[in-house]
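What follows is one structure encoded as structure tokens, with my remarks underneath.
Whatever order the structure lists them in is the order used to number ligands and atoms, beginning at 1.
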Amino acid sequence: MSEIGQNLRVVEHATCTFCGCVCDDMDLTVDLDAKRITKAKNACTLGRAWFAEHTIEDKPPARIDGKPATTAEAIEAAAQILAGARLPIIYGLSDTTCEAQRQAVAIADLMHGNIDTTTSVCHGPSGIAFQGVGESTATLGEIKNRADLVIYWGGNPAESHPRHFTRYAVTPKGMYIPNGRKDRYVVLADVRRTPSAPVADLFLLVKPGRDFELLWALRALVKGRKIDPSIEESTGIPLATLETLVERMKSCRYGVLFFGMGLTMTRGRHFNSGAILALATDLNEYTHFVAKPVRGHGNVTGADNVVSWQTGYPFGVNFSRGYPRFNPGEFTTVDLLSRGEADAALIIASDPGSNFPKRAIEHLKRIPVIVLDAKDTDTTELARVAFRTATYGINTTGTVYRMDDVPITLRPAFDSPFPGDEEVLTALKDRLRVLLNEKRGGALRKAA
Ligand code: SF4
């Protein structure tokens, strides 16, 4: 960090937490008077917008029933709601630090509630598939240095993760990829031509809903089985194209399959994720091959890691029996809300009020909702208690996980008058413990 003028500071090697690429090579120029970032060197268009939009607004630190409140008053109100609930739920967590996520798991455990993350509506099926099939994995650094065959399946990184191509997997030069793009063969499989398609040497236009069949056909070809030419009719891809691709897959030095929500959130879901993971495993009989999900939110991978360390499961975890149970479809937030089972909700750094199904949002409107967010959203609008918190990575330090499970320490750019998520959640946990102890006759053990 260096001061370059009376009111300007440059924060070097800062991290962008807008998407799962978590680029940690940002040089941020900060106007300390205006408390805003005026330049974000190395950021893509999305990253620049993320940094530019985060200013300190002249708003109260909390609201209770729409009226301004102090953080302490809001903590008391939130603790009272959660202590009195029968099935309180926690949701969100993919845009906050691992330290805050850890506190959220402790709260769910303490109140015998339910905890779920945005993974349940993006790569949850991959989390299920990992348990059944396993994962042949690598870091993005290893992929940059070694991968000479790069396959993207069901994603549009040019628009969702703009630096995935340039920083990690397509154009950068690597230790064993000295000529960058020229040393890589790039394949893209999707149901439509997106702005990512021009980057590919081979584009596979897959019939919608036929990813599983296509992946299974590739597995069969890798294993030397015969495939009927009618595969083209069912998947949209000619058999000859698949055979050539399989030869390339088996003969490359190092291959990678990146897969996105086009695979996990369409027909087949965890079967699709399982098929692509199994394909990578099959290919390891011939060469080195890995498969990685391309993750969306800045710390959704951290959420998976933290919830897994602490409960044994990655998302959709229920503590109502006093120990963790995992059952997607039963303990995932959309389902708990749509069935009208949750009677209080703690939403952290997420906006289900704008993107959940109508039935789930209708139930959110009926129950007391507590929200922690750095900005106003549809969910803060319907909240009984709303905390305004500092933005992770811009105002607070902490740990986030890149999409390849590499932890990165955040370097904040400037202070915020608002508390961080971890601070609010720690105070909420402490107050909740006292209330629940009283309610349960002092029998509560001290949670982590
Ligand atoms: S690719 Fe993602 S993490 Fe990297 S600068 Fe762009 S938005 Fe930020």
Short version for T17: what comes under 4.0 Å of ligand 1, heavy atoms counted, is neither
Give the atom numbers and elements of ligand 1 that come within less than 4.0 Å of a heavy atom of V22.
3 (S)
Could you tell me whether E213 and K207 have a side-chain N and a carboxylate O separated by less than 4.0 Å?
no
Should K292 and D405 count as an ion pair when the cut-off is N to O under 4.0 Å?
yes
Determine, for Y176 and R253, whether the Lys NZ or Arg CZ falls below 6.0 Å from the six-membered ring centre while staying within 45 degrees of the axis.
no
Can a salt bridge be assigned to the pair D25 and R163 using a cut-off of 4.0 Å between side-chain N and carboxylate O?
yes
Over 60° means perpendicular and under 30° means parallel, so classify the ring planes of Y152 and F258, tilted if in between.
parallel
Salt bridge check: are D376 and K59 linked by an N-O gap of less than 4.0 Å?
yes
Please say whether the positively charged group of K250, taken as NZ for Lys or CZ for Arg, lies over the ring of Y286, i.e. under 6.0 angstrom from the six-membered ring centre and within 45 degrees of the axis.
yes
Keeping to distances under 2.8 Å, can you name the protein N/O/S atoms close to atom 6 (Fe) of ligand 1?
C44 SG
